[in-house]
Amino acid sequence: MAMRAAILRHIRLPARAQTLAAAAAAAPRSWDRSPLGGSRAMSSHGDDHLAKEEVAERVLSVVKSFPKVDPATVTPDVHFQNDLGLDSLDNVEIVMALEEEFKLEIPDLEADKIDSCHLAIEYIYNHPMAG
């Protein structure tokens, strides 16, 4: 069921000009809070997209709970290796913990680039499937 909902959120159908014009002329609905008026802007994120503050809190929580990390040293800008003294294997374990926390899969090429809390927050916030 979750897979179906995720797929349906990202399906885009071509719209004809007259359909858009008719939608723009219609009175705004209660669910339409688009600054564009009656037509709702398309987004790669559904309405259930996580707020950046929530993503930051959860990323910091995952990093703070890592056994080799002193929670007092974790900030949104901390670098895993330079500031926390972690090695590349620890980095992989943190990324795996983030995947589990946010219920998403980060491709290896992208995971290799995530070496700080800041990059983890940005990647997860911009990922359409993060939950």
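Just the heavy atoms: all of them, side chains too, but no hydrogens, waters or symmetry mates, feed the values below.
- Following chains of ILVMFWY side-chain contacts shorter than 4.5 Å, one cannot reach Leu119 starting from Leu84, and the two form parts of different hydrophobic clusters.
- Two residues are said to be in side-chain contact when any heavy atoms from C-beta on lie closer than 4.5 Å; Phe66 and Val74 fail this criterion.
- Here the shortest heavy-atom pairing between Ala111 and Val95 reads CB-CG1, 3.7 Å.
- Ile106 CD1 to Leu98 CG: the interatomic distance, rounded to the nearest 0.5 Å, is 6.0 Å.
- A continuous path of ILVMFWY side-chain contacts below 4.5 Å connects Leu50 to Val62, so both sit in one hydrophobic cluster.
- The ring-ring contact (aromatic ring centres under 6.0 Å, His included) test applied to Tyr123 returns His127, not counting sequence neighbours.
- Remark: side-chain polar atoms of Asn91 are paired, donor with acceptor, to backbone N or O of Ile114 under 3.5 angstrom.
- Residues Met96 make up the rest of the hydrophobic cluster containing Val92, defined by ILVMFWY side-chain heavy atoms closer than 4.5 Å, directly or through other members.
- Counting heavy atoms of neighbouring residues, nucleotides and ligands inside a 6.0 Å radius, atom CG of Leu89 exceeds 12 of them.
- Heavy atoms of other residues, nucleotides or ligands lying less than 6.0 angstrom from CD of Glu105 number 12 at most.
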### Query
Checking side chain to side chain contact (heavy atoms under 4.5 Å, CB included) for the pair His118/His79: CA distance, chi angles, key distance, verdict?
CA-CA 8 Å; His118 172 74; His79 189 276; over 6 Å; no
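- The shortest side-chain heavy-atom distance between Cys117 and Thr75 does not fall under the 4.5 Å cut-off.
- Annotation: side chain of Phe102 is in contact with side chain of Val59 (closest heavy-atom distance under 4.5 Å).
- The list of side chain to side chain donor-acceptor pair (under 3.5 Å) pairs with a residue in residues 53-68, not counting sequence neighbours, reads Glu54-Arg58, Arg58-Glu101, Lys68-Asp90.
- With contacts defined as side-chain heavy-atom distances shorter than 4.5 Å, the pair Val78/Thr73 does not qualify.
- The structure places CG of Asp83 at 10.0 Å from CG of Asp115, a figure rounded to the nearest 0.5 Å.
- A 6.0 Å sphere centred on CG of Asp108 holds no more than 12 heavy atoms belonging to other residues, nucleotides or ligands.
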